[in-house]
Colleague: 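The structure's right below; bear with me while I get my questions together.
These figures come from a predicted structure and were not determined experimentally. Position 1 is the first residue of the sequence; numbering continues from there.
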Amino acid sequence: MTGAAGEQPASGSENNLATGLRVPQEPDDPDFPEQLSRVYHYIVNVERIAACSFLVATLGLIILQVISRYIFNAPLTWTEELARFALLWFTFVSAGFVMARRVHIAVDIVASKLGRTGTVVLDTFALGMVIIASATMAFAGAEFAASAARLSAPATSLPMSLVYSSAVVGFGLICFHAVVHLYLNIRHPELVPDAMENLEREAV
């Protein structure tokens, strides 16, 4: 990413000159908020472990369904339903984790043409829109989950409110991480070009 004058920004090196923080080079590298707070880093790791657990559970349930159906000719009715639920939770928890690392798919054509100030303003505006949208979806999802409390899944008898709560958790995590990044934008605006450059690097 280049600045307004077409030169590489001074903070685009491996370490940010203003704060001493390491610019993430890979999606698995801790982002700036994680480097600043051990508690936040712990929360992000919990999300990653939870997402991996749901993914492994989904795969295991599908394998169990295939074995019971085609080897023992006695399909287990609950495996398919649980696999769908696990996949749903995996999707939303992973969305929160991806937001924490700022590696969601992004169209950065405009950002790549702006200078430092324009990049900060654009990124802050985008985070504000994410906060509003995710908070609205989390609130609406909570109402929907509460209305489905009396409904049960046909095969497992699990309350459907537990299933629909995955959206509440996912959008809540997205909102939480967006607030953290917005706060970081305000306190450390010099980090925004590095964060945007990391998005561009992952897109390539």
Side-chain angles (χ1 to χ4, degrees), residues 24 27-34 37 39-66 76-108 122-185 195 198-199 202-203:
D28 199 45
D29 289 343
D31 204 354
F32 298 128
E34 295 176 70
S37 172
V39 175
Y40 186 75
H41 182 62
Y42 175 78
I43 293 173
V44 174
N45 278 336
V46 169
E47 292 176 30
R48 175 168 59 178
I49 293 173
C52 291
S53 299
F54 283 121
L55 181 60
V56 171
T58 302
L59 178 61
L61 288 166
I62 293 175
I63 293 175
L64 181 59
Q65 170 70 1
V66 171
L76 301 172
T77 58
W78 50 270
T79 53
E80 181 182 355
E81 190 169 88
L82 276 183
R84 292 201 306 270
F85 295 164
L87 181 62
L88 194 63
W89 273 93
F90 163 74
T91 301
F92 283 107
V93 173
S94 297
F97 171 72
V98 172
M99 183 66 200
R101 293 289 170 88
R102 294 175 65 98
V103 288
H104 272 292
I105 296 175
V107 180
D108 61 346
L122 179 63
D123 189 62
T124 303
F125 173 78
L127 287 173
M129 294 298 100
V130 170
I131 292 171
I132 294 174
S134 58
T136 302
M137 293 299 294
F139 180 77
E143 289 187 331
F144 188 77
S147 66
R150 297 181 180 181
L151 301 178
S152 299
T156 60
S157 297
L158 289 174
M160 293 304 297
S161 57
L162 178 64
V163 179
Y164 298 142
S165 294
S166 60
V168 182
V169 172
F171 283 113
L173 289 174
I174 291 174
C175 183
F176 167 68
H177 293 308
V179 169
V180 171
H181 286 295
L182 181 64
Y183 172 79
L184 192 66
N185 279 17
N198 191 45
L199 288 176
E202 296 307 325

Colleague: Could you give the distance from CG (N45) to CD (E34), rounded to the nearest 0.5 Å?
Modeller: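 N45 atom CG to E34 atom CD measures 7.0 Å (nearest 0.5 Å).
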
Colleague: How close do A153 and E81 get, counting heavy atoms only, and between which atoms?
Modeller: CB-OE1, 3.1 Å

Colleague: Determine whether V44 and F97 make a side-chain contact, defined as any pair of heavy atoms from C-beta on separated by less than 4.5 Å.
Modeller: yes

Colleague: Test of understanding: with side-chain contact (heavy atoms from CB on, under 4.5 Å), list the residues that count as partners of A148, not counting sequence neighbours.
Modeller: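 A148 satisfies side-chain contact (heavy atoms from CB on, under 4.5 Å) with L151, M160, Y164 only.
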
Colleague: Identify the heavy atoms of F90 and A51 that sit nearest to each other, and give their distance.
Modeller: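 Closest heavy-atom pair between F90 and A51: CD1-O, 3.1 Å.
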
Colleague: Taking all heavy atoms of I62 and all of A83, pick out the closest pair and write down the distance.
Modeller: CG1-CB, 4.1 Å

Colleague: Would you call the rings of H177 and Y40 parallel, tilted or perpendicular, where under 30° means parallel and over 60° means perpendicular?
Modeller: perpendicular

Colleague: In Å, rounded to the nearest 0.5 Å, how long is the span from OG of S152 to CG of L162?
Modeller: 11.0 Å

Colleague: Taking atom OG of S134 and atom CG of L173, what is their separation to the nearest 0.5 Å?
Modeller: 10.0 Å

Colleague: Roughly how far, to the nearest 0.5 Å, is CD1 of I132 from CG of L127?
Modeller: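 If I round to the nearest 0.5 Å, the distance is 11.5 Å.
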
Colleague: Would you name the heavy atoms of L182 and I131 that are closest together and state the gap between them?
Modeller: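 What the structure gives for the nearest pair is CD2-CD1, 3.6 Å.
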
Colleague: Are N185 and H181 close enough, and set up right, to give a side chain to side chain donor-acceptor pair (under 3.5 Å), and what steps lead you there?
Modeller: CA-CA 6 Å; N185 279 17; H181 286 295; 6.0 Å; no

Colleague: Under 4.5 Å between any side-chain heavy atoms of E80 and L64, yes or no?
Modeller: no

Colleague: Return the CG to CG distance between L87 and L61, rounded to the nearest 0.5 Å.
Modeller: 11.0 Å

Colleague: Kindly indicate whether the side chain of L82, heavy atoms from C-beta on, has any atom under 4.5 Å from the side chain of L158.
Modeller: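 The answer is yes, as the side chains (C-beta and beyond) meet within the 4.5 Å cut-off.
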
Colleague: Would you please name every residue forming a side-chain hydrogen bond (donor to acceptor under 3.5 Å, both in side chains) with T79, sequence neighbours left out?
Modeller: Q65

Colleague: In Å, rounded to the nearest 0.5 Å, how long is the span from OG1 of T58 to CZ of F85?
Modeller: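 Output value for this atom pair is 12.0 Å.
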
Colleague: For a quick test of reading the model, state the closest non-hydrogen atom pair linking A149 to P159 and the distance between them.
Modeller: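 Looking at all heavy atoms of both residues, the shortest contact is O-CB, 4.4 Å.
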
Colleague: Please confirm whether the backbone N or O of T91 pairs with a side-chain atom of S94, one donor and one acceptor, at under 3.5 Å?
Modeller: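 The answer is no, because no donor-acceptor pair under 3.5 Å joins these two groups.
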
Colleague: Using side-chain heavy atoms (C-beta onward) and a distance below 4.5 Å, is V98 in contact with E47?
Modeller: no

Colleague: To check you understand the geometry: which heavy-atom pair defines the closest contact between V168 and G141, and what is its length?
Modeller: CG2-C, 3.3 Å

